There are 6 protein chains.
Amino acid sequence: MSRADGRTPEQLRPIAFHRGWLDHAEGSVLVEFGRTRVLVAASVTEGVPRWRKGSGLGWVTAEYSMLPRATHTRGDREAVKGRIGGRTHEISRLIGRSLRAVVDYKALGENTIQLDCDVLQADGGTRTAAITGAYVALADAVTWARENKLLKAKAEPLTGSVAAVSVGIIDGIPMLDLPYEEDVRAETDMNIVCTGDGRFVEVQGTAEGEPFDRDLLNRLIDLGAAGCAELTLLQQIALEETRA
Amino acid sequence: MSRADGRTPEQLRPIAFHRGWLDHAEGSVLVEFGRTRVLVAASVTEGVPRWRKGSGLGWVTAEYSMLPRATHTRGDREAVKGRIGGRTHEISRLIGRSLRAVVDYKALGENTIQLDCDVLQADGGTRTAAITGAYVALADAVTWARENKLLKAKAEPLTGSVAAVSVGIIDGIPMLDLPYEEDVRAETDMNIVCTGDGRFVEVQGTAEGEPFDRDLLNRLIDLGAAGCAELTLLQQIALEETRA
Amino acid sequence: MSRADGRTPEQLRPIAFHRGWLDHAEGSVLVEFGRTRVLVAASVTEGVPRWRKGSGLGWVTAEYSMLPRATHTRGDREAVKGRIGGRTHEISRLIGRSLRAVVDYKALGENTIQLDCDVLQADGGTRTAAITGAYVALADAVTWARENKLLKAKAEPLTGSVAAVSVGIIDGIPMLDLPYEEDVRAETDMNIVCTGDGRFVEVQGTAEGEPFDRDLLNRLIDLGAAGCAELTLLQQIALEETRA
Amino acid sequence: MSRADGRTPEQLRPIAFHRGWLDHAEGSVLVEFGRTRVLVAASVTEGVPRWRKGSGLGWVTAEYSMLPRATHTRGDREAVKGRIGGRTHEISRLIGRSLRAVVDYKALGENTIQLDCDVLQADGGTRTAAITGAYVALADAVTWARENKLLKAKAEPLTGSVAAVSVGIIDGIPMLDLPYEEDVRAETDMNIVCTGDGRFVEVQGTAEGEPFDRDLLNRLIDLGAAGCAELTLLQQIALEETRA
Amino acid sequence: MSRADGRTPEQLRPIAFHRGWLDHAEGSVLVEFGRTRVLVAASVTEGVPRWRKGSGLGWVTAEYSMLPRATHTRGDREAVKGRIGGRTHEISRLIGRSLRAVVDYKALGENTIQLDCDVLQADGGTRTAAITGAYVALADAVTWARENKLLKAKAEPLTGSVAAVSVGIIDGIPMLDLPYEEDVRAETDMNIVCTGDGRFVEVQGTAEGEPFDRDLLNRLIDLGAAGCAELTLLQQIALEETRA
Amino acid sequence: MSRADGRTPEQLRPIAFHRGWLDHAEGSVLVEFGRTRVLVAASVTEGVPRWRKGSGLGWVTAEYSMLPRATHTRGDREAVKGRIGGRTHEISRLIGRSLRAVVDYKALGENTIQLDCDVLQADGGTRTAAITGAYVALADAVTWARENKLLKAKAEPLTGSVAAVSVGIIDGIPMLDLPYEEDVRAETDMNIVCTGDGRFVEVQGTAEGEPFDRDLLNRLIDLGAAGCAELTLLQQIALEETRA
């Protein structure tokens, strides 16, 4: 059974990482999962938030946002509404937690890396694209920090890599990396975040329609883990290229 | 291996449902998971939000909040800060989704049930206690709606029951229903929401420390599903009692 | 002339103080004036707000809030609306002022006691129940502070007790401690806050319908003062019991 | 015993009403109680708030605010802080209630009068000056409404007049109409709002220092009632002058 | 061709400066441009904002606001809406920039002067009246600072004076100092801010209807510069009078 | 005299228009003025805001925002701060006014075009790049509206084109199109918005340092007008290309 865009159920959309897309940021990437496009900027600052001062430990945090016309119909700006919506908060927290899973705060020292993930165009899977891209921007930011002597010699703040992908059940079939039109049809929607060595950082599954049984749950987790492994490879390839 | 409160790893804390704790609400319950105490009020109103009018379908929604001194040290009120925090938003959304998984909107008709879950005392597992208690309050609110002729004859808005529990890995051992002191020590933290017939509504697992592998993930899911099954039984018993 | 609930005009509703209702708070009480139920938590912290540092003086402050379904029909949460309403502000200020009237800041030393008064169920007189209960929670918090060596030897931060009650004129007759259904019918509504030795801390009377004359004003004040004296006695009895 | 400004304890400060101070407002007055200067604008609009539509009844409401440099040292603007303070809310509500005490909603018909009381300079007693001035602006606005045929023939929306004054105990002596320097020294502070026929609309007394006994309370009420009677006379004189 | 109020196109409205209108402020003026009335208070405080500390330089800033009934129909308060509107922000920034153009921060030393411009009545040209009046209040505040020894001997924080006026094209004719009724009809609207020696601080022109050509632009600038020169003279006269 | 980037004083930076950069928006362009990069999305919706309904007239409005890491150092998100800053408000209003200057509301009919201008990277002149790009996106959105039959036959909602550029005085020399490093050094900063036929829509000049005289003002206006003429040509070329 093939999908609207011709993919098999276990196939990713075309993935692209445009590293160094910004001139000022210490790390940046424009990541594409099909037509989903997220601009990630990693900002390195010396020092940490007040509650962490003097601990010798660094900090990594993330903020997610969507441009008003990233979507098919325009949404109001959260800045204009004067409050961050629940979905935005939830995704920002997820991205931060996911990246922190591969950070060695001690090796980072008292430096902060802020990851800004702005969705320029949304076509499903924006949070998983953001996490996958954020790892690439974070890696470049760490390189920058090392080159600029913010890290101690031989310190390696990254203990591994992290990637994320969505999976869902459509007409009873588990499918990988759902675009918007599949996402709205999915009976169950799951986001899987894995480290590069295949372990799990986050597993979030939600029955949108019927509750799902243990067998489907297993198949979704397997599919997501395989997708993350593939993304890990693509991240490595991207990071091996000489940055523009 | 036993736990600080003497439980085995697969044992729930003492669970209590005080139905009809409020005089005005159409359904209400003070639910206790050990020292965690959540007051759930279910408010039934005729009519639905504007975007749903004329559809013939009902609506169920939830709000979660914590009293400032529910916790060991006092937290500032969100009303005073003028904004709802990300965690509050996230949990409110989770509770609403979980309950909606067992609601037949058509059978509910154009009525709205609002579930207010206020944590009077927090000792870990407040969101799972809230979901588990909210089902009881919802069931009572549906009974009220039936008795007050808001529903059509023979309409049954509830397609099943829903319960939730937390599980976590402590010192490598999966444990059920974590109190606060275990929660802060857990390497991985997972919330499982199941229907009464044993299917999954939500599976949310987060590695707080080390990423977890597939085997541990399976064991956590099994433990959580078993805990939900036990809570389902306790909900049934509570609902069979004559309301005060 | 008797009232809907069988009381005489000068009779209080059944009053109950459940001390130590919370496990974490330094002082706490669930106070009941008939069906009005307010949970008061007293939080003790070392130190005072910035504007008071170095003065050697302590501070006592209060916040009042109502759960959304405390009332007959659900009200929106102030945290969701993003702003505290005028009524909430006004009552919080009243509670704080009333309790501070019996506090010796010097004897308290540079410690802060925060009183959180959350109305779980409202049936008239929530502010007076809150003040009356807050005194009990405050007394327990002071005992806690003494036992935990936050106070100097022999320091007595409480110069007396404080209690409050509502009075109103219904069909020309002054009545004590109005429940909701009487409150909405009252022509004049007054809240009286007295110290245990019978002096006045606050007198707030408002003509809801007809302006009132001097004679009625005198009778209301007398009735309120008598009610406060009775509440003072009930507070003493509650505080003499060994805390659970 | 005389006061810093030479007054006797029962004497008002110089009072002035500048009617028609604004060109656009339907009623307006710049009222002075000594150096306290409040600009009151009464705005008449046809129609009432949504919750009152179709009732045939009118509405009167008030907002109080202080210019940032009304006071000895500059205060931040509430608009800049993004929230109305508790004191502002409380006073706005008091002014609205006080004026509504002399309004016959039926005679007003479905019209709204909004009273904006902006303190241009504060020297104690701003809320009582605002109420006393607001009555004058309201009376002019009612005249405007009559001349502009918004009222039915012979309808009289005002059932009387209203005036307010502060009283306080300084060094054990009750004093009338306290300026700022006396206000900060007062042991007890009371605001009295009376109708023109000498009945009470609001009585609000607060012990700032020592609680007060019944005798002092009586003397304060008497002094305030006498002050209101004098202000009633001054309002009448002001309203009899031909408006500029 | 004459105007509704009988002025020629190049004539200002009657201008008045009431210096020392407030008792507490270090400098204050009630400025009138016809029926436009703006109360400006200049507050002097020792010290500067945190970002400027230790620089030896002073700071001057401004806030603009309009009373709700300054206009023909009542507008909602920004404090009630909980946010400052774009227009208010824009004008506050313009006033601050304009005044800072004639301030020598070094001579001012580490002192801050805050200019509060509150529009009591609006009839067009409120921002230009505010700037023109703010200079007068600023000059008085500087005098106060000198007399109170906040400035070094011979320090002169003002390098010149500043005045502002509006100009616009009505029916093809450039006109000076537009009242509200002309302002709404103007095809092009321009605000000119000049120093006392005839140089430009701000030039802001906006085509409300048809875009304008270079010739009209020149004529507007000439007219505005002439208006500012006249206002400069009136400011000097006002400042030469002995302050009340 | 040449500039840091090798340009002559009257030369623009490299300008690029990437039309159709977004898949969902009715018109979109990624516009570049050197390293300044602004993404403009034009959203067409049938209907107009409530205050304009039934008028037969359309509406065009704009919002400007900057990604947090568009700048050299990261800035906080306005959505997180919960309020739009004054600068953002001011620029949004400027963009909207500028575009509306070339819109025939009647020909547009009751349709709304919303222009979202998000600065992805900032290097001076973001507001002028936004206006210049917004015209291109607007033109594409109008074409889309025509093709989708939202406009009447032969209706032409655009009466011309609009472009904008910054000019400034550096070391006494007027220069065109300032990048960030020149902008901070400029003594005077001016933004000029012109229609395609060379008339003025907005002229906004500010003395950052010394006030400027009439001669410099003239030279700045001439330079800006010439820059706009050049940008108009580049807009035409971009719009003549077949859209991707």
Side-chain angles (χ1 to χ4, degrees), chain A residues 18 20-30 32 34-46 61-85 88-89 92 112-123 137 141 179-180, chain F residues 18 20-30 32 34-46 61-85 88-89 92 112-123 137 141 179-180:
Chain A
H18 305 278
W21 205 81
L22 295 173
D23 294 303
H24 310 317
E26 286 73 35
S28 71
V29 70
L30 180 70
E32 297 178 13
R35 299 203 297 183
T36 288
R37 250 179 265 174
V38 183
L39 178 56
V40 186
S43 301
V44 181
T45 46
E46 292 186 72
T61 184
E63 280 178 14
Y64 167 97
S65 187
M66 212 182 254
L67 292 198
R69 194 54 202 280
T71 42
H72 282 81
T73 54
R74 186 177 183 275
D76 288 338
R77 286 173 194 273
E78 294 186 324
V80 169
K81 288 189 284 187
R83 46 175 80 188
I84 300 276
T88 297
H89 257 136
S92 293
T112 296
I113 303 183
Q114 167 86 38
L115 298 159
D116 284 293
C117 304
D118 285 271
V119 180
L120 305 187
Q121 187 160 281
D123 188 28
Y180 179 73
Chain F
H18 305 278
W21 205 81
L22 294 172
D23 294 304
H24 309 318
E26 287 73 36
S28 70
V29 70
L30 180 69
E32 298 179 14
R35 299 206 296 182
T36 287
R37 250 180 268 172
V38 183
L39 177 57
V40 185
S43 301
V44 180
T45 46
E46 291 186 73
T61 182
E63 282 178 14
Y64 167 97
S65 186
M66 215 182 250
L67 292 198
R69 195 55 202 279
T71 42
H72 283 81
T73 55
R74 185 178 183 275
D76 288 337
R77 284 175 196 270
E78 295 187 323
V80 169
K81 288 189 284 186
R83 48 175 78 189
I84 300 276
T88 298
H89 257 138
S92 293
T112 296
I113 302 181
Q114 166 86 36
L115 297 159
D116 284 292
C117 304
D118 285 89
V119 180
L120 305 188
Q121 186 161 281
D123 187 29
Y180 178 73

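On a predicted model such as this, the values are computed, not experimentally measured, just so you know. By convention in this document, chain letters (A, B, ...) are assigned in the order of the sequence lines, proteins followed by strands, and residues within each chain are numbered from 1.
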Heavy-atom pairs under 4.5 Å with chain A - which of [options] has more of them than the others?
options	result
F:P68, F:S65, F:A41	F:P68
F:L67, F:L39, F:T45	F:L67
F:R37, F:R83, F:K81	F:R37

Engaged part of F:E63 at the chain A interface, taking heavy atoms whose separation is under 4.5 Å: both
Counterpart residues, salt bridge (charged side-chain N to carboxylate O under 4.0 Å, His left out), relative to F:E32 (two or more places apart): none
Region of A:L22 in contact with chain F, defined by heavy-atom distances below 4.5 Å: both
Structural part of A:T71 lying under 4.5 Å from a heavy atom of chain F: backbone
Any donor-acceptor pair under 3.5 Å from A:S28 side chain to A:W21 backbone: yes
Any donor-acceptor pair under 3.5 Å from A:E78 side chain to F:A79 backbone: no
Note, F:D116 side chain near A:R77 side chain (heavy atom, < 4.5 Å):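 Yes. Closest side-chain heavy atoms under 4.5 Å.
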For F:H72, ring pair (Phe, Tyr, Trp, His ring centres under 6.0 Å) partners two or more places apart: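 Listed in chain order: A:H24, F:Y180.
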